Amino acid sequence: MLDIKLIRDNPDAVRARLATRGGGDEARVGDIAALDEQRRKLLTESEGLKAERNKVSKEIGLLKLKGQDVSAAMARMKQVGDRIAALDTEIAAIDGKLQNIALMIPNLPHPSVPIGKDAAGNSEVRRWGEPPKFTFQPRPHWEIGEKLGVLDFPRAAKISGSGFILYKGAGARLERALINFLLDIHTREHGYTEISPPFLINRNAMIGTGQLPKFEEDMYRLRDDELYLAPTAEVPVANIHREEILPEEQLPIRYCAYTPCFRREAGAAGKETRGMIRVHQFDKVELIKFTKPETGYDELEKLVANAERVLQLLGLHYRVVLLCTGDMGFASAKTYDIEVWAPGQKAYLEVSSCSNCEDFQARRANIRFKSADGKHRGFVHILNGSGTALARLYVALLETCQQADGSVKLPEVLAPYLGGVTEIKPE
RNA sequence: GGAGGGGUGGCAGAGUGGUCUAAUGCGCACGCCUGGAGAGCGUGAGUUCCGCUAACGCGGGAUCGCGAGUUCGAAUCUCGCCCCCUCCGCCA
C-alpha cells in the first residue's frame, strides 16, 4: 500500500511513477486524494464534537454527584452524539472506499528500474557459465524423466489433473535432496534462519503481502474455511511479524523457508504447459528479509547473490535479468529474475525472482521498527527471493546433466543428499 | 467438535457505569545525590490519526484482544468474532 501522505503531497509524482507500470492505476490517484480530503474534513468535525462530548460528559458526572439537575446538558449531548454517529458512519464509508482502491494499487517502481511495458523491456545484468554442449540432441525433461521412471505426469493427472507432478523413486529422492541442499546452503553459509510455516493462510496475511484482494482468482481457497493455500512462502514468512514493532538492532532479519507453492494460474494454458515448467504445485525454498529502509537495496544485491550461489554450486548456466517497470510484480519496487538454462527447451527458465518491496507490504501488514531511543522509526523494508524454485531447477538439472544413454549424472555437491548416489540410470 | 476459565501498558497485576488523565510493583530513560556505583528521591515514558507551526512543539481524537450495540458518559453492561489455558471427544 502506498503512503497516503505521499499521494496527498505529491499526487503528480505518484501518478507519473505508476504510469510507468502500464496498468492504468494512475487514474485512481485523484480518487484517493479526493476521498482523503473529504475524510479529513468530516474527521475534523467529528473529533471536535467528541472533544466537546468528553468534556461535558465529565461535567455531568461531577454535577450529578452534587445532586444538580443535568437533564438539559444530557439532552444536548444526545444531539451531539447523534451527529457524531452520522459523521462516523460517513467516515467509515469513505474509509471503506479508500481501502478498496488503495489495496488495488501496485507499488511504485524504484528510479533505477528501466521503463518498459513488458518482458521485452527487461535488461540482462550478467551471465554465469556456459550452456552445456552435447554430442547428441538434448531431450526435454519429460522424456528423460519418464524414460528413467522418475517422473510420471499421466498418473499425476489421474490423481489431480494436468499441471501436477508425481516424482518416483530416485526422482522423489532428488526432489527431497534439493530441498535439503538449498536449506543447508542458506542457513549454514548465508546466515538465514530456517522457518517451516503453515501452508494454509488466512485472508489478512494474504492481504498483507499483496496477493489479495487483487489476485483472488489465482489462489486456491478452501471451501469451508476462509483459508488459502500458500502460493509462495513469502506470504506466511513475511507475515510472521505482522502488527509488530521490531527493535532496530535486530535488523536485518533473514529467514528462509521451504514450502510447496500452490497456484491456480488461471488462463495460463498454451506455451510452457508441457512437463513441469508451469504447474499448479511446486516446491520452493524462499528467502525473506526484513531490513531498515536505507539498507534494503544492498540487501537485495546480497539476496540475488545468495540465490545465484545455488546455481553456481550445481554448475548450471544462468543469467540475471533486471525487470522493467511493466514486467514487475504488484508489490515490488525492483526485481531481479534469475533464469537458468534448460538445454531441452533451448530456453532460459525463471527459477528465482528477487524483489525489494520496500515498505509496500510492511504498510499492509503493519510491520515497523524502532531504535532503542525511539528516535529512529518507520516501516521495515521487506525483500523476498526464491532460493530457488524447485520444479524448474529440476528441469534444468535433468536437461543439463543428461547423458547420451538417457541416464543423468548429477553434480557432486548433491551426493551427500542422495546417499552417495550421483547418477540416475534407467531401471 | 463439546464444556469451563481467561485476554488490561515492556512485564506482573488491580480496576464491574462518572477526576481512569488506568492504581501498585518490577523493569526502562533522564535528572538530583555520590569520588564512582548502588540505594534513595524526583521526573518522564506506548501506538496511531487530525489540526495548527518554518521548526522545537502545542491542541484534539482514538486505543484495556477485534468488531458492533446500550448510555450524556464504557476497561467496566449486551451481542458477535478471534486467540490462549484446562478438561472431554476425535485423531497422525
Side-chain angles (χ1 to χ4, degrees), chain A residues 1-10 32-103 196-208 212 222-228 236 239-251 260 290 359 361-380:
Chain A
M1 199 157 57
L2 301 183
D3 184 359
I4 184 70
K5 285 173 188 157
L6 188 66
I7 293 175
R8 198 183 289 162
D9 298 337
N10 296 297
I32 291 185
L35 285 168
D36 174 57
E37 195 179 333
Q38 198 188 344
R39 177 181 174 278
R40 275 149 57 218
K41 205 178 125 219
L42 295 171
L43 198 61
T44 301
E45 184 183 350
S46 171
E47 289 185 350
L49 291 174
K50 282 176 183 168
E52 184 189 357
R53 183 178 66 181
N54 287 346
K55 185 164 151 272
V56 175
S57 289
K58 202 167 286 182
E59 288 165 5
I60 288 174
L62 292 171
L63 292 172
K64 249 187 163 176
L65 279 177
K66 295 182 196 158
Q68 298 190 21
D69 177 41
V70 290
S71 52
M74 277 170 64
R76 193 158 59 82
M77 285 306 104
K78 172 75 178 151
Q79 301 275 306
V80 169
D82 290 346
R83 176 65 184 152
I84 289 170
L87 285 166
D88 284 355
T89 301
E90 230 180 310
I91 291 167
I94 291 172
D95 277 340
K97 281 186 207 168
L98 221 38
Q99 280 288 307
N100 284 343
I101 300 171
L103 287 175
S196 183
F199 303 159
L200 294 178
I201 315 288
N202 67 33
R203 192 174 169 82
N204 276 339
M206 294 287 277
I207 289 171
L212 296 181
L222 300 202
R223 192 188 61 193
D224 294 329
D225 299 280
E226 184 90 8
L227 290 171
Y228 298 79
N239 276 286
I240 286 175
H241 296 296
R242 196 148 65 85
E243 307 287 343
E244 289 184 26
I245 299 173
L246 303 167
E248 184 182 27
E249 60 272 19
Q250 278 182 16
L251 303 177
F290 299 82
D359 63 3
Q361 295 175 322
R363 274 178 201 287
R364 290 172 161 246
N366 197 23
I367 305 173
R368 291 166 288 171
F369 72 93
K370 192 167 81 169
S371 59
D373 62 10
K375 282 178 183 156
H376 196 202
R377 57 166 81 186
F379 288 100
V380 298

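Because the structure is a prediction, the values reported are computed rather than measured. Just so it is clear: chains get the letters A, B, ... in the order the sequence lines come, proteins before strands, and each one is counted from 1.
- When atom types are taken as modelled, the side chain of A:S46 and the backbone of A:L42 share no donor-acceptor pair closer than 3.5 angstrom.
- Note: CG (A:L35) to C1' (B:C50) measures 17 Å, nearest angstrom.
- Across all strands, A:R363 comes closer than 4.0 Å to no nucleic acid atom at all (heavy-atom distances).
- Across all strands shown, B:U34 remains unpaired; no Watson-Crick or G-U wobble contact has both distances below 3.5 Å.
- Within 4.0 Å (heavy atoms only), A:M77 reaches sugar-phosphate atoms of the nucleic acid but no base atom.
- If you measure from atom CZ of A:R83 to atom C1' of B:G61, you get 16 Å, rounded to the nearest angstrom.
- Contacts between residues 48-62 of chain A and RNA chain B, defined by a heavy-atom separation under 4.0 Å, are made by A:K50, A:A51, A:R53, A:N54, A:S57, A:K58, A:I60, A:G61.
- With salt bridges taken as basic N to acidic carboxylate O contacts below 4.0 Å, none links A:E37 and A:R8.
- A distance-only check finds a donor-acceptor pair linking the side chain of A:N239 to the backbone of A:A205 [under 3.5 Å].
- In this structure, B:C20 forms no base pair with any nucleotide, since neither Watson-Crick nor G-U wobble geometry is met with both distances under 3.5 Å.
- If you measure from atom CG of A:D95 to atom C1' of B:U48, you get 13 Å, rounded to the nearest angstrom.
- In this structure, A:E243 places its CD atom 19 Å from P of B:G46, rounding to the nearest Å.
- Looking at which nucleotide of RNA chain B each of A:I4 and A:G81 is closest to, the 5′-most match is held by A:I4.
- For the segment residues 37-45 of chain A, residues with any heavy atom less than 4.0 angstrom from an atom of RNA chain B are, sorted by number, A:R40, A:L43, A:T44.
- At a cut-off of 3.5 Å, with distance as the only test, a side-chain donor of A:R368 or A:N366 sits close to an acceptor on the other residue.
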